[in-house]
Amino acid sequence: MLDNKRRKLRLGYGMMDDSTLEVLLQSLKQEDEYQRELATAALWQRWFYQKGELGNQQLQEAQALMDSDRMDGAELLLSTLVSELPDFAEAWNRRAVLYYVQHRYREAMADCEQVIELVPYHFGALHGLGLCHAALGQYAAAIQSFRRALVVQPYGLVNQRLILECTAQLS
């Protein structure tokens, strides 16, 4: 039974075809806020369910561990996921979030870079990379990351604000 679950995780379920992905990415750039919100939610769902329901459950379990301040357990679970499923971008991203919360910025940056390598349009990882750079006082690099996120999600007000804040730090 466990081998069957692992096989399903490796294969992934519910993946969208490339034309659906392109529509979602274009929807992020529309003036209509509702369209942008729907596309954002659909992309997050795509990432969380990349490895099917079981993959999503594992991510949810890791989040529950983080929420209950059981960071060691969350890290173990996420590290196991990225080890066994190195193409599971959201497992890398969730571990990056964990590292960021723990002020382990360089490790978080490495995981964000892995996510971006797997999913170049992952606006969450691009944003996270910017946050890590900013936390380390690397404001020019942070601005670059936030700008990359804005290419994907041009109406991302938080990234626009963070660019202004980092620019002020450069003065």
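Computed over heavy atoms, backbone and side chain alike; hydrogens, waters and symmetry mates excluded. Just so you know, residue 1 is the first one in the sequence shown, and it goes up from there.
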Sequence neighbours left out, what passes ring-ring contact (aromatic ring centres under 6.0 Å, His included) with Tyr139? Give chain and number order.
none
Which heavy atom of Leu28 sits nearest a heavy atom of Ala39, and at what distance?
CD2-CB, 3.9 Å
Carboxylate-amine/guanidinium contact Lys51 Asp87, below 4.0 Å:
yes
Mind checking what makes side-chain hydrogen bond (donor to acceptor under 3.5 Å, both in side chains) contact with Asp69, not counting sequence neighbours?
none
Quick test of your reading: applying salt bridge (Lys or Arg N to Asp or Glu O under 4.0 Å), list the pairs with at least one residue in residues 33-43, sequence neighbours left out, ordered by first then second residue.
none
Could I get the full list of side-chain hydrogen bond (donor to acceptor under 3.5 Å, both in side chains) partners for Gln60, not counting sequence neighbours?
Asn56
CZ-CZ distance between Arg95 and Phe88, expressed to the nearest 0.5 angstrom:
13.0 Å
Say whether Tyr49 and Leu77 are linked into one hydrophobic cluster, either directly or through other cluster members, by side-chain heavy-atom distances under 4.5 angstrom.
no
Which pair of heavy atoms, one from Ala62 and one from Ala74, lies closest together, and at what distance?
O-CB, 3.6 Å
Checking Arg94 against Phe48 for the side chain to side chain contact (heavy atoms under 4.5 Å, CB included) test, could you report, in this order, the C-alpha distance in whole Å, the side-chain angles of both residues, the deciding distance, and whether it holds?
CA-CA 10 Å; Arg94 294 291 100 199; Phe48 272 81; 3.8 Å; yes
Are Leu43 and Trp92 connected in the hydrophobic side-chain network, where two residues link if heavy atoms are under 4.5 Å apart?
yes
Distance check, rounded to the nearest 0.5 Å: Asp111 atom CG versus Leu129 atom CG?
11.0 Å
Give the intermediate values and the outcome of side chain to side chain contact (heavy atoms under 4.5 Å, CB included) for residues Leu78 and Leu59.
CA-CA 8 Å; Leu78 292 168; Leu59 296 177; 4.1 Å; yes
With Gln26, which residues qualify under side-chain hydrogen bond (donor to acceptor under 3.5 Å, both in side chains), at least two apart?
Glu22
Mind listing the side-chain donor-acceptor pairs of residues 148-167 below 3.5 Å, one per line with the distance, residues two or more places apart or on another chain?
| unit_1 | atom_1 | unit_2 | atom_2 | d |
| --- | --- | --- | --- | --- |
| Gln153 | NE2 | Thr40 | OG1 | 3.4 |
| Asn159 | OD1 | His127 | ND1 | 2.7 |
| Gln160 | NE2 | Pro154 | O | 2.9 |
| Arg161 | NH1 | Glu165 | OE2 | 2.6 |
| Thr167 | OG1 | Ile163 | O | 2.7 |

Return all side-chain donor-acceptor pairs below 3.5 angstrom for residues 114-126, not counting sequence neighbours, or 'none' if the list is empty.
| unit_1 | atom_1 | unit_2 | atom_2 | d |
| --- | --- | --- | --- | --- |
| His122 | ND1 | Gly124 | N | 3.3 |
| His122 | ND1 | Ala125 | N | 3.0 |
| His122 | NE2 | Glu90 | OE1 | 2.8 |

Mind checking whether Val97 and Met66 have side chains closer than 4.5 Å, heavy atoms only?
yes
ILVMFWY clustering at 4.5 Å (side-chain atoms), partners of Tyr34:
Leu38
So, for Ala96 and Cys112, which heavy atoms are closest and what is the spacing to 0.1 Å?
CB-SG, 3.8 Å
Taking the side chain from Ser68 and the backbone from Ala64, do they hold a donor-acceptor pair closer than 3.5 Å?
yes
Compile the donor-acceptor pairs under 3.5 Å between side chains in residues 99-110 and protein atoms, sequence neighbours left out, one pair per line.
| unit_1 | atom_1 | unit_2 | atom_2 | d |
| --- | --- | --- | --- | --- |
| Tyr99 | OH | Glu75 | OE2 | 3.3 |
| Gln102 | OE1 | Arg104 | NH1 | 2.7 |
| His103 | ND1 | Tyr105 | OH | 2.6 |
| Arg104 | NE | Glu107 | OE1 | 2.8 |
| Arg104 | NH1 | Glu75 | OE1 | 3.1 |
| Arg104 | NH2 | Glu75 | OE2 | 3.1 |
| Arg104 | NH2 | Glu107 | OE2 | 2.9 |

d(Leu76 CG, Leu81 CG) to nearest 0.5 Å is 10.0 Å
Quick check: does any side chain N or O of Gln50 sit under 3.5 Å from a backbone N or O of Ala89, one acting as donor and the other as acceptor?
yes
